[in-house]
Each structure stands twice: as structure tokens, then as C-alpha cells.
Amino acid sequence: MSDETPSRRAAAAFAQTTETGTPVAFADLVALLERIFRRHGTSERVAAILAENCASCERDGSTSHGVFRIPGYVNSLKSGWVDGRAEPTVEEAGPAFLRVDAANGFAQPAFLAARDRLLEMVRESGVAVMAIRNSHHFSALWPDVEPFAREGLVALSFVNSFACVVPPGGKAAVYGTNPMAFATPVAGGDPMVFDQAASSMANGDVRIAAREGHTIPPGSGVDRDGKPTTDPKAVLDGGALLPFGGHKGGSIAFMIEVLAAALTGGKYSREVDWSAHPGAETPCTGQLFIVIDPERGGTGAFADRVAGLIGEVKQAGQDRMPGERRYARRVRTLRDGIPLAPARLAELRALAGDA
Ligand SMILES: NC(=O)C1=CN([C@@H]2O[C@H](COP(=O)(O)OP(=O)(O)OC[C@H]3O[C@@H](n4cnc5c(N)ncnc54)[C@H](OP(=O)(O)O)[C@@H]3O)[C@@H](O)[C@H]2O)C=CC1
Ligand SMILES: O=C(O)C1=NCCCC1
């Protein structure tokens, strides 16, 4: 238990309440979520992309960004804050640089609109960058990067969110929870993917802890007076989270504001202002991708070398690499169904307009 992250512990506490729920087949969950998105004003294409993405998070146990997020998506759509029918525009800013304007739509459809061209650029140039702005990312990042590694590429992605993290020693929330994800091919196995917030916990896990009546680990957040607290409600009600690892996480959060917002033309987390759209929950910011063809390194043995390194890490005593928990759960839930608490399933069916 000692090597578990605080947010993983909070998610695990929540997962215990859902593991015993009604098993739902992945395809059925995708279909149910698609109906919810369509019913609340997205295009067919956007509904299909978001439903697949959100169901994949639930399938893999990314609890803070699975079906828990559906009411938030719906509230943002209903408030008029996000455009569920946005048509992204893609612009070539150089031989290996794509600029995408998500047009106040969701990030994943904007990303997918440009993904094929990005892949061509990577094959041509060895590396390519995609800078997305005016985009709402309300999910985990691993679904964006894992497929690149399955195609033999190394991928990094960064997203900023909304101001709920104080800089180290600071009082005002400047940073978002700002996740970054890294994916690399591994010879003979699944890609190694890590996907982590720059904060001590994801905001989603704090909200789940508040809902379930759990405390959060000491050192995760502060209340509205800047005092350390383990009460998730105090963090959410005018308080803030801390970066993970003090000034080191603070620097990562800063870097992500620079890469995902300053560089893309997206808003800084601090600039997200949804006050005119009561109920809105999806931050409109930016996202950056860097995708590399590792064969350009010329070793001819990249994925073997990564597999060797993982072997050494495990030999040294690390029992689990990032991503392995998800892959194990994916196998289990694709076989047995995704367990959903009856109350959650009822909530989803109501949002879909089922009788
Ligand atoms: N869209 C947005 O703006 C935001 C999205 N998020 C999302 O929230 C999610 C959760 O973030 P966060 O709470 O920081 O993530 P976690 O701390 O739960 O996990 C971070 C990474 O560490 C790995 N990991 C966790 N525990 C261990 C362990 N004991 N040994 C080895 N590896 C481990 C996880 O792998 P594994 O998955 O296999 O457990 C994961 O890759 C992310 O998917 C992130 O993208 C967060 C903030 C904002
Ligand atoms: O969990 C988080 O932190 C966030 N997730 C989705 C976007 C807002 C922040």
C-alpha cells in the first residue's frame, strides 16, 4: 500500500463500491453513453468519440474520468459553455507542426480530426507536434497516447485544466491539475504508459472522496484560509490542491501551462471563466502532443531496450509498471463486464431518457 499514490488510494476506495455493481458489457456502455451525448446536443461523431473514450476509462478503472464525469459533460452541454457540434480546423504550421482550433468543442474529436496527418508527419520527419486550442478535455490522457505506442511511436501529451492548484508556498490557485501522459512501445508486451496529474490528486478524485464521505491524504490540499486539510469538501469549497512533490510538481504544472496554453493559444487554467454558464464543468484550455518515431534514434533495438529496462526495474523490486493495472482490469472487464453501481446505472439511463 505504501507505494500507492493518494489519488489511487481514493480511487481504490471508490472502486470498492463499484466492483460489486451490475456488470455491463463494454459495447452496451458505449451505446448508452452515445445516447446520452446525442440527447444533450452533440453531433453523432462527437457522441461516438466521447462515448468510446469515457467507457474506455470506466473499463480500465480510470474511475475519476469514467462515467462519474457524465453529469459534468451533460451540465456543460446544457449550459451552452461547450459546443457539442464544433467543427475543428486544422492548419499546417510547418513540415512537422499542426495547429488545431477545436472551436470551443471537445478535445478528442479535434485531436482525431488531425491525427492521421500527424502520423504522416511523424513518418516523414521523425517527430511532429500537434497544438490544440479552444478545447475541452474532461477525460484521462492515456486514451490519447496509448494507440501511438501500439503503432511503434513514443508519444507525450499535456493538458491544462482550471485553477485549483496553488503554487508551492502560494495562496492563490494558479495552476490546473494539469496531467501529462507518456507512452512508449515495449518489445513483446503492452506499451508502458503513465498518465498523471501535476497535483497531489486529480480534482475528480477529490470530488469522489467528498461524495463518498472519505478524507483525503494529509498534504494533498488546503482550505480557503490556506490551512492544510484532509477534508475534500474544504478543498472544493474555496480551498485548493497542492502540486505533487512540492516545488518539483509545481515546476511540472508550470511547464504544462506553458506547453498546453501559452504555446497553443489556449487559455491558462487561471483564465477559465465559466461564470456566465452556471453548471459548466469542462475547462476550455489547450492540449499539446509530441510524437516521436524512436527508430530515428538509429539503434534498431528501441523497444527491446525499453523491455530490458522494465525488466531491470522489476528485478530491482518495483512490482508494477504504470499501465499494468489498467491492462489487467481491461482483460477482466471485457470478459466479465464493467461493474457499475446500480445508482450510477440508473442515473445514466435517466440521462439517456430511458423509461
Ligand atoms: N483532463 C484533465 O484536465 C485532467 C485529467 N486527469 C486524469 O486523471 C487521471 C488520474 O490522475 P492521477 O490521479 O494523477 O493518477 P494516479 O496517481 O492514479 O496514477 C498516475 C500514474 O501512475 C501509475 N501508478 C499508480 N500507482 C502506481 C503504482 N503503485 N506503481 C506503479 N505505477 C502506478 C498509474 O498507472 P495505472 O493507470 O496503471 O494505475 C498512472 O499511470 C489521469 O488519467 C489524468 O489524465 C487529471 C487531471 C486533469
Ligand atoms: O480530475 C481533474 O483534475 C480534472 N479532470 C477533468 C478536467 C478538470 C480537471
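Atoms within each ligand, like the ligands themselves, are counted from 1 in listed order.
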Identity of the nearest option to [atom], non-hydrogen atoms only, from [options]:
atom                    : options                        : result
atom 43 (O) of ligand 1 : Thr177, Asp195, Asp60, Val159  : Asp195
atom 6 (N) of ligand 1  : His65, Gln196, Gln318          : His65
atom 10 (C) of ligand 1 : Pro143, Ala198, Ser200, Ser64  : Ser64
atom 32 (N) of ligand 1 : Pro322, Ser269, Cys164, Ser199 : Pro322
atom 14 (O) of ligand 1 : Ala197, Gly204, Cys57, Ser161  : Ala197
atom 27 (C) of ligand 1 : His136, Arg320, His137         : Arg320

N-O pairing of Glu281 and Arg69 below 4.0 Å: no
NZ/NE/NH1/NH2 to OD/OE distance under 4.0 Å, Glu146 and Arg326: yes
Hey, does the side chain of [X] reach the backbone of [Y] with a donor-acceptor pair shorter than 3.5 angstrom?
X      : Y      : value
Ser125 : Val122 : no
Asp293 : Gly126 : no
His136 : Thr282 : yes

Ser62 heavy atom under 4.0 Å from ligand 1: no
Backbone or side-chain N or O of Arg325 under 3.5 Å from ligand 1 N or O: yes
Backbone or side-chain N or O of Gly323 under 3.5 Å from ligand 1 N or O: yes
Proximity of [X] to ligand 1 by residue part, where a heavy atom lies under 4.0 Å:
X      : answer
Asp205 : side chain
Met201 : neither
Ser139 : backbone

Identify, by atom number and element, the atoms of ligand 1 in contact range of [X], meaning under 4.0 Å from any of its heavy atoms.
X      : result
Ala140 : 43 (O), 45 (O)
Arg326 : 37 (O), 38 (O)
Phe194 : 41 (O)

Ring center gap for Phe138 and Phe106 short of 6.0 angstrom: no
Shortest non-hydrogen contact between Leu351 and Ile70, atoms and distance: CD1-CG2, 3.8 Å
Steps toward side chain to side chain contact (heavy atoms under 4.5 Å, CB included) verdict (Met130, Leu288): CA-CA 6 Å; Met130 189 195 298; Leu288 190 85; over 6 Å; no
Set of residues that line ligand 2, where lining means a heavy atom lies under 4.0 Å from it: His65, Arg69, His137, Phe138, Ser161, Phe162, Thr177, Ala202, Asn203, Gly204, Pro283
Show me the donor-acceptor pairs within less than 3.5 Å that the side chains of residues 230-242 make with the rest of the protein, sequence neighbours left out.
| residue | atom | partner | partner atom | Å |
| --- | --- | --- | --- | --- |
| Asp231 | OD1 | Lys233 | N | 2.9 |
| Asp237 | OD1 | Arg224 | NH2 | 3.1 |

pair Glu52-Phe26: side-chain heavy atoms closer than 4.5 Å: yes
Donor + acceptor pair across side chains of Asn160, Asn178 (<3.5 Å): no
Trace of the ring pair (Phe, Tyr, Trp, His ring centres under 6.0 Å) decision for Phe162 with Trp274: CA-CA 10 Å; Phe162 70 97; Trp274 39 35; 5.2 Å; yes
Option passing side chain to side chain contact (heavy atoms under 4.5 Å, CB included) with Leu77 (candidates Thr42, Ile36, Asp83): Thr42
